[in-house]
Amino acid sequence: MNLEKTKPIHALLSALNHIRAQPFLLVVSSIIDAFFFIAYGFLTTPVLDRIVAQSVLITNELGKAWAAGPTAGLLKLLILDPIKPLTGKLLILLGILFIVTFLVWVIFQGSSWYFCRHLAKKPVSYKKYLLGFARINLIWIAAYILYKLLDAIIGLRFVLIKKFEPAAINILGTALDALFVLLIITALYSYPSLRELALFRKKITHTLAHLALCATLYFASTFSINQIAKIHLEAGFIAGVVILFPIITLIKTYTIEMAFDK
Amino acid sequence: MEKGDAALILIMLIILIILSLLIANIEHLFPAPTVSQAVQTAVNTT
C-alpha cells in the first residue's frame with residue numbers, strides 16, 4: 001500500500017508543501033493565533049473571576065437551603081428568593097462572557113482561518129469569509145454556552161449528591177464531556193467550507209486518520225515544549241511560540257486540504 | 001484584499017478597543033464580590 005496516495009497523508013503532504021512555499025502566510029497566521037490567546041485571556045479573565053465568585057455564592061445559598069430540610073428541585077431553587085438575584089447576575093455575566101468570547105474568536109480565529117485558506121491555495125474574500133465565520137460560530141458558541149450551563153447545573157447537582165453518597169460517579173458529566181468533544185470536532189470541520197455538518201459528509205476512516213494525525217502533531221509539539229521548559233523555562237516559552245503556533249497553522253491548513261480534497 | 005476589507009478591519013479594531021475599555025472597568029460597571037470575598041462569605045456562614 002502506497003501511504004502517500006492515501007487521502008489523509010496526501011492532504012498532509014500537500015499542506016506541508018503549501019506552507020513551505022508561503023512562509024510569510026505561516027508567520028502571519030501564527031502571529032494572529034498568538035494574539036488571540038493574549039486577547040482572550042486579557043478580556044475574559046475578569047469576567048470569569050466574577051462568574052466563579054457568583055457560583056460560590058450560589059452554592060453557599062443552595063447548601064443553606066438544603067440543610068434547612070426538604071426543599072424544591074435545584075432549578076426551582078435557583079429562580080426563587082434568596083438565590084434569584086444571584087442567578088440573575090450569573091446569567092448577565094455569562095451573557096457578557098458569550099459576547100466577548102464570540103467577538104474575540106471571530107475576529108482573531110476568522111482572520112487566522114482566512115490566511116490558512118490562502119495558504120492551502122483556496123482563496124476567498126475576507127469580508128465574505130469573516131461574515132460566514134461569524135454566522136457559523138453563532139451556532140457553535142451558543143452550543144458552547146449551553147454546554148457550560150449544563151456543566152454548571154450537573155456539577156452543582158453532583159456536589160450535592162456527593163454529600164449523601166460519597167462514592168457516586170458523575171456519569172452525566174462524562175457523557176456531557178464526550179458530547180463537547182464531538183462539538184469541537186464538528187466545529188473544526190465546519191470552518192474550511194463554512195458548512196455546519198461538513199464532518200458528517202466525510203468518510204469516517206479518513207476523518208479518524210486525520211484527527212489522529214492532528215492530535216499527534218499537537219501533542220508531540222506540546223510534549224517537546226514541556227521537555228524544553230523543564231530544562232529552561234525561558235527557552236520553553238520561546239519554543240512554545242516558535243513551535244506551537246506554526247503547528248496550529250499546519251493543523252488548520254491540513255484540515256482545509258482534507259475538506260477540499262475530492 | 002478587496003474593497004470594504006479595510007473598513008471591516010477598522011470596525012474590528014474599534015470593537016476590540018471598546019471591549020478592552022469595558023472589561024478594564026468591569027468592577028465599576030458590574031459591582032460584584034471577588035472570588036476570595038465570596039469564599040470568605042461562604043466560610044463565615046458555614
Side-chain angles (χ1 to χ4, degrees), chain A residues 32 35-36 38-65 67 82 85-86 88-90 92-93 95-97 99-111 114-115 118 123-131 133-134, chain B:
Chain A
I32 293 172
F35 273 112
F36 162 73
I38 296 167
Y40 183 75
F42 173 71
L43 292 171
T44 59
T45 308
V47 186
L48 281 168
D49 277 351
R50 274 166 170 71
I51 288 175
V52 173
Q54 217 62 31
S55 304
V56 171
L57 291 175
I58 289 175
T59 314
N60 185 36
E61 289 296 327
L62 279 174
K64 275 196 269 181
L86 297 175
K89 268 189 181 176
L90 183 68
I92 293 170
L93 283 167
I96 294 171
L97 184 69
I99 294 164
V100 172
T101 306
F102 175 74
L103 289 173
V104 172
W105 180 264
V106 168
I107 291 171
F108 287 95
Q109 288 302 314
S111 304
Y114 163 79
F115 283 109
H118 278 259
V124 62
S125 147
Y126 184 62
K127 197 174 158 187
K128 208 172 159 186
Y129 188 78
L130 222 68
L131 292 176
F133 195 82
Chain B
M1 285 280 170
E2 288 175 6
K3 204 179 163 187
D5 288 353
L8 187 64
I9 292 169
L10 191 68
I11 291 168
M12 292 192 305
L13 278 174
I14 292 168
I15 290 172
L16 283 175
I17 291 166
I18 292 170
L19 277 183
S20 306
L21 289 172
L22 275 174
I23 298 297
N25 293 297
I26 195 164
E27 59 220 64
H28 305 297
L29 295 166
F30 202 90
T34 60
V35 177
S36 55
Q37 284 168 340
V39 171
Q40 194 57 49
T41 312
V43 170
N44 290 343
T45 50
T46 47

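Remember, predicted model here, so these are calculated numbers, not experimental data. Quick note on labels: first sequence line is chain A, next is B, and so on, each numbered from 1.
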So B:Leu16 and A:Phe108, side-chain contact (heavy atoms from CB on, under 4.5 Å) or not? Walk me through it. CA-CA 10 Å; B:Leu16 283 175; A:Phe108 287 95; 3.8 Å; yes
Would A:Tyr126 and B:Leu8 count as a side-chain contact (heavy atoms from CB on, under 4.5 Å) if you check the C-alpha gap in whole Å, the side-chain angles of each, and the deciding distance to 0.1 Å? CA-CA 9 Å; A:Tyr126 184 62; B:Leu8 187 64; 4.0 Å; yes
What's the verdict on side-chain contact (heavy atoms from CB on, under 4.5 Å) for B:Met12 and A:Val106, showing C-alpha distance, side-chain angles and the deciding distance? CA-CA 10 Å; B:Met12 292 192 305; A:Val106 168; over 6 Å; no
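Looking at A:Leu43, the atoms closer than 4.5 Å to chain B (heavy atoms on both sides) sit in the backbone and in the side chain alike. Using a 4.5 Å cut-off between heavy atoms, A:Leu130 touches chain B through its side chain atoms alone. Proximity to chain A (any heavy atom under 4.5 Å) is restricted, for B:Ile15, to the side chain, taken from C-beta onward.
Here the OH atom belonging to A:Tyr129 is positioned 14.5 Å from the CG atom belonging to B:Asp5, to the nearest 0.5 angstrom. Annotation: the span from B:Leu22 atom CG to A:Ile96 atom CD1 amounts to 8.5 Å, rounded to 0.5 Å.
Within a 6.0 Å radius of CZ in A:Phe35, no more than 12 heavy atoms belonging to other residues, nucleotides or ligands are found.
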